[in-house]
Each structure stands twice: as structure tokens, then as C-alpha cells.
Amino acid sequence: GLDNISIPVVNALILYLMFKSLNENYNSLEERISKTIIIIALCLSFVIAVTSILVKALTWDGALAGFFFGIAIFGLGGWSWGAMYFAFFLIGSLTTFFKKKEKREVINEFEKESTARDSLQASVNSIIPVIAALLNILFPSNLFTVITAGALATSLSDTLATEIGSLSKKKPRKAIKPWKEATKGDPGAVSVLGTLASVLGSGIIALIGWVASLFEETSLFHYNTLLLLLLITLSGFIGAYFDSIFAETIQCLNRCVICGKITEKTYHCETKTEQFRGIKFIKNDLVNLLSITVGSIFAIIFVFLFGLLY
């Protein structure tokens, strides 16, 4: 649709207007934005975008959106932000392709069963870090690093929980009522394997953010490092678990009138499905955005609670 091209175009326009505004109002713009990092971000984003299209990890519009997002997040946020963002994308893509055939039964019931992410999916995972990066240029604060880390930790945590958890041989459980069994592939279903993968994904983002921060003169990661890593990991895990809760409660799910299968699709067995539960306009992408927001909020709460902002 029109959003395939409008989303990246709007992103580019926002970046242009922000740079124009900063250039007119701030004499210290060159001190806040490293030209070297901008160039590296541009080159790296371009290579990843092209590669992603070739290996079918992203659609062309998804790659274009990711290209702009990569420049904004890495270019404006710095090494730690860029490392966390690209780590999410690369690791998330690898796990999506991992044992793809064995996950086919689960993938077939997704609203978007293709492994290639489109511009809307790229936007959902990137919009909070992008906004944080732009605000950080206007109002420099470690708070925006916390927000970004919480958002990306949630994104990878949720991705690994889905991609690795779907390979579990054991019966999954309901997110809200873990003592009750769920059907494999049901939105909101959780497993021990998926939970462990979720914690791992969140922890990876926190750890990579810290490692990349070693290339920066100053960073929030340089203070109370271990506690900060644990809190980011916990925030990402909580955000991802809320994704399961939202999927089990408010996400719109449909039922096939032919075979009775519960699915995210509007058509199944070549017939229009009927709504089974949830709110009609709340689809998987919105659920993901809500959970990422929750992860960011918990990250903020934790750093204030433990007094980690400097």
C-alpha cells in the first residue's frame, strides 16, 4: 500500500527538518553529532539494507525504512545505540531463518507469514529509538539511552521467545494462567525454552550496548555497569512477556469457519474468518509496539528507582 513508501519518506523528512532546525538554533551541533559516525552509519545501513533484500530478511520497503532508521539511531545515538540496533536486526533475522521448516506450522497462522519484514514491522521496532535519538540531540540526557536500550531489549527478547520458543517439544502454557496448557503457536502461549530465549535476547542487547560504549568517551553504561545490565535485561524480558499477555487478551484473533483453526489471518481455507477474541483493530504490529513501550517504561522506572541516571 501507500505506507510502503510513505513511512521511509516521512522518516527522511523528519530527519531533514530536525537537522535544519538544529542548524539554525544550536551552535554546538557539530559537537553533538559526529560526522564520522554519520558516515559509518550511512555505509553500514546501506550494506545491511541491500543484503537484507538479497537474503529476503526484509522487503524492499522494509529495507528502505531500516536504512533511514539505522542512520538516525546509529548516527545520532552513537556506538552503543547503533550496536544495539544492528544486533537486534542481525540476531533477530538469523533466528527467524533458523530451522524455518520446523516452524512452518506456527508461521502459517501468523498474519504475515513471510519471514521478510516489511516497513511497518521495521517501524514498530525502530520508532521509539528513533524518537529518542532525535530528542537526545535536542535535549541531551542519558534517559534516552535507557529508553532505547529498554525498547531494543524488548524487541530482541520477544523475537527470540517466538522464534526459539516455537521449537519447544513441550506443551506451552498460557501467559496469564501458566498452570493451563495452550496450543502450540497460539498468540500468548509461553514455554520454558521460549522464556529462556527471551531472557537471553534481552541480555544480549544490554551486553552489546555496554561493549560498544567502551568506544565512547562517556556513557551511562560506564557507571554501575552490572546493575544497569541486569535492569535492562529485566526490562526487556518484562516487555516481551507483556507481548504475550496482550496477545492473549486484547489482540484480535480469528477462527476459520471451515476447519476451526485459531489464526491471525482474515482468510483461512480460502474463506473469510470470523473474529474469535480481542479488539478488532489491535493486530500483531500494534501489540508489538505496546510491549516495546512497556519495556521502555520499565527501564525508566528501574533507573530512577535505583538512582542510575547521571
Side-chain angles (χ1 to χ4, degrees), residues 11 14-15 17-19 21-22 25-26 28-34 37-38 41 69-88 123-158 201-240 242 288-310:
N11 291 335
I14 290 174
L15 279 175
L17 292 176
M18 290 295 291
F19 269 99
S21 174
L22 285 168
N25 297 292
Y26 289 92
S28 59
L29 178 61
E30 291 188 2
E31 297 178 5
R32 298 191 183 190
I33 302 176
S34 168
I37 291 182
I38 288 288
F69 287 137
I71 295 174
I73 296 170
F74 188 5
L76 302 182
W79 289 104
S80 56
W81 291 42
M84 289 189 292
Y85 181 69
F86 289 126
F88 154 67
S123 299
V124 164
N125 290 295
S126 308
I127 191 64
I128 289 179
V130 166
I131 293 174
L134 295 172
L135 289 176
N136 191 49
I137 293 299
L138 285 171
F139 315 103
S141 171
N142 283 324
L143 178 63
F144 298 116
T145 299
V146 171
I147 293 172
T148 297
L152 294 174
T154 300
S155 293
L156 187 59
S157 180
D158 178 48
S202 186
I204 286 174
I205 291 297
L207 186 61
I208 287 179
W210 168 67
V211 171
S213 74
L214 299 178
F215 294 93
E216 300 171 329
E217 291 185 10
T218 179
S219 171
L220 181 64
F221 285 100
H222 296 169
Y223 308 95
N224 295 305
T225 302
L226 182 58
L227 178 58
L228 182 62
L229 296 184
L230 290 173
L231 294 178
I232 291 173
T233 300
L234 181 58
S235 299
F237 172 72
I238 292 174
F242 263 89
N288 289 340
L289 180 59
L290 290 173
S291 67
I292 292 169
T293 303
V294 168
S296 295
I297 290 174
F298 268 94
I300 294 172
I301 292 173
F302 286 147
V303 295
F304 273 112
L305 190 62
F306 286 89
L308 298 183
L309 280 183
Y310 293 90

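In this text, all values refer to a predicted model and were calculated from it rather than measured experimentally.
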I232 vs L228, side-chain contact (heavy atoms from CB on, under 4.5 Å): CA-CA, chis, key distance, verdict: CA-CA 6 Å; I232 291 173; L228 182 62; 4.0 Å; yes
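- For the atom pair CG (L234) and CZ (F237), the distance works out to 8.0 Å, reported to the nearest 0.5 Å.
- Inter-residue side-chain proximity for L134 and L138 is flagged as unmet; no heavy-atom pair is nearer than 4.5 Å.
- The distance from the OG atom of S141 to the CG atom of N136 is 7.0 Å, given to the nearest 0.5 Å.
- To the nearest 0.5 Å, the span separating CZ on F144 from CD1 on I128 amounts to 12.5 Å.
- The structure places CD1 of I208 at 12.5 Å from CZ of F88, a figure rounded to the nearest 0.5 Å.
- The nearest pair of heavy atoms linking I147 to S296 is O-OG, 3.1 Å.
- To the nearest 0.5 Å, the span separating OG on S202 from CG on L152 amounts to 10.5 Å.
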Worked check of side-chain contact (heavy atoms from CB on, under 4.5 Å) between F242 and T293: CA-CA 10 Å; F242 263 89; T293 303; over 6 Å; no
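- Residues L229 and A206 approach most closely at CD2-O, 3.1 Å, considering heavy atoms.
- Here side chain to side chain donor-acceptor pair (under 3.5 Å) pairs that include residues 148-157, with residues two or more places apart or in two chains, are N125-S155, S157-S198.
- Taking all atoms of both residues into account, the shortest heavy-atom contact from V124 to I292 is O-CD1, 3.6 Å.
- Within the model, atoms CG of L309 and CD1 of I300 stand 9.0 Å from one another, a figure rounded to the nearest 0.5 Å.
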Step-by-step side-chain contact (heavy atoms from CB on, under 4.5 Å) determination, I238 to F302: CA-CA 12 Å; I238 292 174; F302 286 147; 4.0 Å; yes
Tell me which donor-acceptor pairs under 3.5 Å the side chains of residues 69-83 have, and how far apart each pair is, sequence neighbours excluded?
residue	atom	partner	partner atom	Å
S80	OG	E216	OE1	3.3
S80	OG	E216	OE2	3.3
W81	NE1	T145	OG1	3.1

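- The heavy-atom pair separating T233 from G203 by the smallest distance is OG1-CA, 3.3 Å.
- When each of V146, T225, L143 is paired with L220, the side-chain contact (heavy atoms from CB on, under 4.5 Å) condition holds for V146 and for no other.
- Among residues two or more places apart in sequence or in another chain, the ring-ring contact (aromatic ring centres under 6.0 Å, His included) test is passed with Y223 by Y310.
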